[in-house]
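Just below is one structure, and these are the notes that go with it.
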Amino acid sequence: MERPFFLEEIDERGVVHIALTRPDKHNAFNAELIGELTSSLRGYDDDARVRMLLLTAQGKSFSAGGDLNWMQAMADKSEQENLADARALAGLMEALDSFSKPTMALVQGPAIGGGLGLVACCDIVVASESAVFALSEVRLGLIPAVIQPYVLQALGERAVRRYTFTAERFSAQEAHRLGLVHVLTAWHDLRTRGEELVQEVLKGGPAAQVEAKAHLRSLRATAPGESVNEDAAKRIARLRASPEGQEGIAAFLDKRKASWREDD
Ligand SMILES: C/C=C/C(=O)SCCNC(=O)CCNC(=O)[C@H](O)C(C)(C)COP(=O)(O)OP(=O)(O)OC[C@H]1O[C@@H](n2cnc3c(N)ncnc32)[C@H](O)[C@@H]1OP(=O)(O)O
C-alpha cells in the first residue's frame with residue numbers, strides 16, 4: 001500500500017523497517033500519518049513473520065512532533081472531532097509502546113515533543129551525537145500529555161519535571177546520561193551501530209523476547225491505562241483549541257515570541 005508519510009518494509013530476517021519520510025516538515029505527524037502508522041504497527045504486531053521493528057527517519061530531523069498546522073486547525077473543529085483526533089495520537093504511542101516484539105529507534109537529528117515520545121516508546125535507542133531532544137509543548141501553550149507516561153519511564157521524573165517546565169533542548173549526551181539513549185554514535189555510524197544491535201536482538205529466542213517484553217510491561221509503575229490516555233487526550237484537545245494553545249502554535253509558525261498575557 002502507498003504510504004505518503006512513511007516507508008515500510010519487512011526484510012527476510014523478519015525485521016520491519018519503518019522510516020518517516022516527511023523531511024520537508026521535519027517528519028511532523030498529522031492525522032493521516034498518525035492513523036496509517038498506528039494501523040501499520042498493529043498489523044505488523046499481529047504478523048507472525050515479524051521478529052522486531054526498526055524505526056528511522058529521513059532528513060535532518062527525526063521528528064518535530066505533532067504537525068502544528070494540523071493542531072492549529074483544531075480550533076475550527078468540533079469538540080468531538082478534536083477529542084477523537086487527540087485519542088488517535090494517544091493510540092499511536094500506545095501501539096508503538098505495546099508492540100509485542102523488540103523495537104529500536106535510530107535517532108539522527110532533533111526529536112521534539114511527540115517525536116521524543118516516539119523515541120521513548122522504543123525498547124532500544126541509538127542516537128547520533130548531534131541529535132537533540134525537547135519537551136517543547138509548554139512553549140506552544142500545550143502539554144506533553146499522551147507521551148508523558150513513556151517519557152517519565154525513559155527519563156525519570158526529576159528530569160521530566162525540569163524539561164516539561166523549561167522546555168529546554170537537551171543534548172544526546174544528556175539523553176544518554178538520563179537513560180533515554182542507550183548508544184551514542186557519530187552520525188555517519190548510526191546505521192552500522194543500529195545494525196550491530198539488530199543482529200544481537202536476532203540472536204535471542206523470539207518467544208522469550210515477547211514474553212520478556214510482556215513481563216516488563218506488567219512490572220511498570222507508569223504503564224498508561226485507558227483512563228490515563230483518555231485524560232491525556234482530553235487535556236490536549238482542550239488546550240490546543242484554547243486561546244493560549246492557538247497563540248502558542250501561531251507564534252511558533254509565525255516565528256515570533258508568544259504573547260501569554262496582555263502586557264507580554
Ligand atoms: C502530543 C504532541 C505534541 C507535540 O508534538 S507539539 C509540537 C512539538 N514541536 C515543536 O515544538 C516544534 C519542533 N520544531 C523545532 O524545534 C524545529 O523546527 C526543528 C528542531 C525540528 C528544526 O529546526 P530548524 O532546522 O531551525 O527549522 P525551523 O526554521 O524551526 O523549521 C523549518 C520549517 O519547519 C516548520 N516546522 C517545524 N516544526 C514543525 C511542526 N511541528 N509542525 C509544523 N511545522 C513545523 C517550521 O514552521 C518551518 O516552516 P517554514 O519553512 O514554512 O518557515
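Whatever order the structure lists ligands and atoms in, that order sets their numbers, starting from 1.
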Is the closest basic N to carboxylate O distance between Arg235 and Asp231 below 4.0 Å?
yes

Quick test: of every protein heavy atom, which one is nearest to atom 1 (C) of ligand 1, and how far off is it to 0.1 Å?
Leu89 CD2, 3.3 Å

Minimum distance, heavy atoms only, to atom 36 (N) of ligand 1: which one of Phe252, Phe62, Trp70 is it?
Phe252

Looking only at non-hydrogen atoms, the one of Ser136, Ala232, Gly65 nearest atom 8 (C) of ligand 1 is Ser136

Have Asn27 and Ser61 got a donor and an acceptor in their side chains that come within less than 3.5 Å?
no

Just need the protein heavy atom nearest to atom 5 (O) of ligand 1, so name the residue and atom and give the distance.
Gly66 N, 2.7 Å

Side chains of Glu174 and Ser171: do they bring a donor and an acceptor to under 3.5 Å?
no

Would you verify that at least one protein heavy atom lies under 4.0 Å from atom 29 (O) of ligand 1, or report that none does?
yes

His26 near ligand 1 by a heavy-atom separation under 4.0 Å
yes

Atom 9 (N) of ligand 1 has as its nearest protein heavy atom Ala64 O, 2.8 Å

What atoms of ligand 1 come within less than 4.0 Å of a heavy atom belonging to Ile236?
1 (C)

Of the protein's non-hydrogen atoms, which lies at the shortest distance from atom 42 (N) of ligand 1, and what is that distance?
Leu68 N, 2.8 Å

Look at atom CZ of Arg49 and say whether more than 12 heavy atoms of other residues, nucleotides or ligands are closer to it than 6.0 Å.
no

Is there side-chain contact between Ile147 and Leu135, with at least one heavy-atom pair below 4.5 Å?
yes

Would you call Asp85-Arg240 a salt bridge at under 4.0 Å N-O?
yes

Close approach of Asp67 to ligand 1, heavy atoms, under 4.0 angstrom
yes

For Arg158, is the CZ atom crowded, meaning more than 12 foreign heavy atoms sit under 6.0 Å from it?
no

Geometric N/O contact Gly114 with ligand 1, under 3.5 angstrom
yes

Around atom CD of Glu195, are there more than 12 heavy atoms of other residues, nucleotides or ligands at under 6.0 Å?
yes

From atom 25 (O) of ligand 1, work out which of Arg169, Arg240, Lys60, Arg235 has a heavy atom at the shortest distance.
Lys60

Ion pair Arg162/Glu168, N-O distance below 4.0 Å:
yes

Could you identify the single nearest non-hydrogen protein atom to atom 21 (C) of ligand 1 and state the distance to 0.1 Å?
Ser61 OG, 3.6 Å

Out of Lys25, Met71, Arg22, who gets a non-hydrogen atom closest to atom 3 (C) of ligand 1?
Met71

of all protein heavy atoms, closest to atom 51 (O) of ligand 1 is Lys255 NZ, 4.6 Å

What part of Val132 sits under 4.0 Å from ligand 1 if we count only heavy atoms: the side chain, the backbone, both or neither?
neither

Going through the distances and angles, do Phe5 and Phe29 end up as a ring pair (Phe, Tyr, Trp, His ring centres under 6.0 Å)?
CA-CA 8 Å; Phe5 302 128; Phe29 30 90; over 10 Å; no

